[in-house]
Every structure is written in C-alpha cells, then in structure tokens.
Amino acid sequence: MFTPTKDSALARLADFVPRAGRDYATLRNHEDLAHVSVLSPYVRHRIITEEEVLRAVLARHSPQAAEKFVQEVFWRTYWKGWLEMRPTIWADYRRDLAGALNEIQTQAGLRQRWEAACLGQTGIDGFDDWARQLVDTGYLHNHARMWFASIWIHTLHLPWVLGADFFLRHLLDGDAASNTLSWRWVGGIQTLGKAYLAQPDNIAKYTQGRFRPEGLAQSAASLPCPPHPARGPLPVSGTIDPGQRTGLVVTEDDLSPDWLLDKISPVATAFVQTTDRRSPLQVAPIVTDFVAGAMRDCNDRFAGQLGRVSFISADAVDDWRKAEGLEQVVMAYPPVGPAADALRQIDAVRMLRTYDLDAWPHATHGFFRFKDAIPKLLGRIKGLAVL
Ligand SMILES: Cc1cc2nc3c(=O)[nH]c(=O)nc-3n(C[C@H](O)[C@H](O)[C@H](O)COP(=O)(O)OP(=O)(O)OC[C@H]3O[C@@H](n4cnc5c(N)ncnc54)[C@H](O)[C@@H]3O)c2cc1C
C-alpha cells in the first residue's frame, strides 16, 4: 500500500486534493479509505511536510471548504506541542508498558487475552478484522482506530498501554504523541472524565453494514489516572556556528532536511534509524522497512548536498562524529518519542522548524482553544496562497 518515497507521497496528495474540501468534511468518518488522504505514514516522518499538504489543499479549496481537513492536519501538530510541554506522560507510558509486559509474563490469563486481541482471535466482529488489517498493511482508518481502542479498553478490559504498544509496533505512522494521547483520550484520561465508547450502530453505519459487533461494553468509565502534570517550557531552537566543520544527523522524525541544508553545508551526514526503539518488543518489519526505505529515498533526493553519507545506529553517533572530525553536529529537533530518547546524550545543535515554533505554544489546553490560532498559523506559512 505504501511506497516509501517522496514521489509516492506527492502522487497520493495530488490524487486526494480534489476531495479535501466538503467531501472530506462529510464522508471522512466512513471506514472506506476513498474519503481520507492516507498520507499519515508520509507526514509522520516528514517525507512530506504539513506545510506542503496545507499549501496544496488551500491552493484548490477555500479555508472554509477545507476547514475540517486543515484542522485534522493541525491535530498532529497540537498533540506534539501538548506532549512537548508534558514529556513525563511519555516516560510514564514507557514505565507502565514495562510493568504490563511483566504482568503478561506472569499472568497466563492476561497473556492469552492479549495474544488473542493482537492475533485477531477474540471472536468480536470488526475488531478481529482490524487487528489483522493493521498487521497486514500497517494502517487503519481513524474511526477503526477509535473503535479498536475502545473495545480493547472498555470491552476486553486489557491495559491501554498494551494496545498503544500494539499500534506502535505495527502502524507505519506510529507516533509517540498522536498514538499515546489518542489512546489516553479513548480511555478517558486525556480529556479528563470523557472516555470514548464504540457502539454497534455507529460501527454498522460507518462500515456500510460490514460489521455489527455484539457484546460490546454498554458504557465507558474513565480509567484511573493522576491529573495532568504541570506544563513545562517548550524547547528553543539551537544556534549554528557557520565557521565549524559540520555534520548533519537525519532521524526518522524529519526526512525533508532541505530547510537545514539552506543553513549548513555538511561534510558528512548520518542517517540514524530508531524504529526498533518504538517498543521493547519487536517492531514489525513492515514498519522498519518503510522507514529504512524512506531514509534511502531521502539520501537519493539530496545526493550531492550531504557530504559523506553513513547509515548508523544511535549508539554509533559519537564514533561517527570523531571519525569524520566534526566540530559541530546539526539535526532537526526530535520531538518527545523514541528518536529523542535514543539521541538524548548526543551533543548536537537541535533546530526547530518555524512551523512547530509558531504552533506549539498554542497547545496549552484542549484542541478547541488551539484551533482558534489556526488562521494566524496559516498566515505564517510561506507560499501559502489562501483562496
Ligand atoms: C487510538 C488511536 C491511535 C492513533 N495513533 C496514531 C499514530 O500512531 N500516528 C498517527 O500519525 N496518527 C495516529 N492516530 C490519528 C489518526 O488516526 C491518523 O493520523 C489518521 O487516521 C491518518 O490517516 P489519514 O492520513 O488518512 O488521515 P486524514 O483524515 O486524511 O488526515 C490528514 C492528516 O491529518 C493528520 N491527522 C488526521 N487525524 C488525526 C488525528 N486524530 N490525530 C493526529 N493527526 C491526525 C494526519 O497527519 C493525517 O495524515 C491515532 C488515532 C487513534 C484514535
């Protein structure tokens, strides 16, 4: 379904743009993939950027007609900014996941229920199909993700962190912020007290009658959880010293380094893949292959501008720096998540895109407050011509 190249992303975007207006607003909740962009594996890794998507859509539709789609693009931005200000939520998720993985080693009943859910062997109509679809394709429609997570938490009573981990191991767009915070939302611990309940009629309606599961939970109680941590400061962008012998580190969080190559001429570039750090368990090969392919495509696209290129692990960055005789290493700021964890100790100038710098400060509260800033944020995107 997904070729890991920028050309494929651009072709998919061009195909979708005519449908990004009122069609999207009215039909996007149908599980049929004809009504959504299916761009998330590309946007998640910034093979194509949010700005490129917004420019293309708003060159064709008015902001009013494309309002819903534009808001969805900004949901990713919002989640990232929200988590940046509360990084302990990610650390707590990792800790609780380790605890839950320990429990499945010692509790045979829990282990069997978890395995049945991951293998699509629960006997629940729809749920089993989505589990298999996720494993086979690396993608699920947003509504299916909501139903799946709701059944996992509220009907099967499995720990939400194991569900979030199952998604992170298999989703091509697996992302710390969007995934963790969406699972928390379904469990009623993100928007405090509001859990999401999957209902058979709603599933039947939006799957054109393909599925009508029986025996689902009739109510969704919020999971127990401490209040949100206090907001911390947002990161600031680093300062590049133009006089130094410079290397570039490219991670899977930003595979469009053109904005950095406007500022530096690296003598060496290291592509550092951290996909295997998305989970303590094995990440699906479909995911690691997608990212590895996208890194090779990035190398091809920027050939001649990257200096000497290496593909290395996070543990090898210090040795690479010494071997290349670098005085300075520059990288796109990796947001809270596996790449940031893996590269935490690396001495590097971490650069933030203007898009994130402008948007993240608005992610203080709920999305409804954030979305008021969208017209202003659109006005700051270079080359975006609003119809
Ligand atoms: C339980 C659960 C887990 C999820 N896990 C992830 C994840 O790991 N990674 C991930 O990228 N998304 C995740 N999502 C969000 C969403 O489901 C996907 O981004 C969306 O389905 C992608 O499909 P699309 O590109 O066709 O979206 P479209 O509907 O075409 O939307 C366009 C773009 O907007 C962004 N977007 C749309 N909806 C959302 C959303 N709800 N949250 C954040 N961004 C959004 C994406 O970049 C997407 O490509 C999760 C949602 C739920 C309910």
Side-chain angles (χ1 to χ4, degrees), residues 1-2 9 12-13 15-17 19-21 23-54 56-57 66-83 90 93 130 133-134 137-154 160-191 195-196 198 252-253 275 278-279 283-284 287 290 335 337-338 355 359 363 367 370-371 374:
M1 247 174 104
F2 297 93
R12 199 169 278 237
L13 175 63
D15 177 60
F16 173 70
V17 161
R19 291 174 277 127
D23 284 5
Y24 179 83
T26 48
L27 298 170
R28 72 187 187 95
N29 280 328
H30 290 270
E31 196 210 14
D32 179 349
L33 297 188
H35 307 302
V36 288
S37 70
V38 203
L39 279 169
S40 55
Y42 301 101
V43 184
R44 184 282 176 229
H45 300 99
R46 284 194 164 152
I47 297 166
I48 190 170
T49 65
E50 293 88 333
E51 290 159 292
E52 288 175 280
V53 173
L54 292 168
V57 165
E67 184 183 21
K68 197 71 214 164
F69 183 76
V70 169
Q71 282 178 7
E72 293 304 317
V73 172
F74 274 105
W75 263 104
R76 173 184 301 286
T77 319
Y78 165 74
W79 284 138
K80 275 170 136 177
W82 196 94
L83 192 60
W90 171 248
Y93 158 73
W130 297 316
Q133 188 189 330
L134 173 60
T137 67
Y139 179 86
L140 277 185
H141 185 280
N142 181 59
H143 220 163
R145 296 184 199 205
M146 289 163 61
W147 296 321
F148 186 94
S150 178
I151 295 170
W152 182 287
I153 295 171
H154 302 298
W160 75 267
V161 291
L162 290 179
D165 175 66
F166 177 54
F167 269 25
L168 270 193
R169 283 185 285 121
H170 291 281
L171 279 172
L172 296 185
D173 62 29
D175 173 70
S178 291
N179 193 57
T180 313
L181 303 181
S182 297
W183 274 87
R184 282 168 53 90
W185 175 78
V186 173
I189 53 179
Q190 184 61 23
T191 304
Y196 174 73
E252 59 208 65
D253 287 333
T275 324
R278 291 184 192 185
S279 169
V283 174
V287 179
F290 179 84
Y355 175 86
F367 184 77
F370 176 89
K371 81 179 163 60
I374 291 178

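Small disclaimer: the values here were computed from a predicted structure and weren't measured. We count ligands from 1, going down the list as the structure has it; atoms in each ligand are counted the same way.
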S.K.: Between the side chains of Asp253 and Arg44, is the shortest nitrogen-to-carboxylate-oxygen separation below 4.0 Å, so that they form an ion pair?
M.R.: yes

S.K.: Can you check whether Arg44 has an N/O within less than 3.5 Å of an N/O in ligand 1?
M.R.: no

S.K.: Please tabulate, for side-chain N and O atoms in residues 166-173, each donor-acceptor pair with protein atoms closer than 3.5 Å (sequence neighbours left out).
M.R.:
from: Arg169; atom 1: NE; to: Asp165; atom 2: OD2; distance (Å): 2.9
from: Asp173; atom 1: OD1; to: Arg145; atom 2: NH1; distance (Å): 3.2
from: Asp173; atom 1: OD2; to: Ser40; atom 2: OG; distance (Å): 2.6
from: Asp173; atom 1: OD2; to: Arg145; atom 2: NH1; distance (Å): 3.3
from: Asp173; atom 1: OD2; to: Arg145; atom 2: NH2; distance (Å): 2.8

S.K.: Quick check on contacts: which atoms of ligand 1 are under 4.0 angstrom from a heavy atom of Asn142?
M.R.: 15 (C), 16 (C), 17 (O), 21 (O), 41 (N), 51 (C), 53 (C)

S.K.: Indicate yes or no: does an N/O atom of Val43 lie under 3.5 Å from an N/O atom of ligand 1?
M.R.: no

S.K.: Within the structure, does Asp175 bring an N/O atom to less than 3.5 angstrom of an N/O atom in ligand 1?
M.R.: yes

S.K.: Regarding ligand 1, does Ser40 bring an N or O atom to under 3.5 Å of one of the ligand's N or O atoms?
M.R.: yes

S.K.: Regarding ligand 1, does Leu39 bring an N or O atom to under 3.5 Å of one of the ligand's N or O atoms?
M.R.: yes

S.K.: If the contact criterion is a heavy-atom separation under 4.0 Å, does Tyr42 count as touching ligand 1?
M.R.: no

S.K.: Ignoring angles and geometry beyond distance, decide whether His141 reaches within less than 3.5 Å of ligand 1 through its nitrogen or oxygen atoms.
M.R.: no

S.K.: N/O to N/O below 3.5 Å, does that happen between Asp173 and ligand 1?
M.R.: yes

S.K.: If we only count heavy atoms from C-beta on, is the Trp79 to Asn179 side-chain gap below 4.5 Å?
M.R.: no

S.K.: Glu31: what forms a salt bridge (charged side-chain N to carboxylate O under 4.0 Å, His left out) with it, not counting sequence neighbours?
M.R.: Arg210

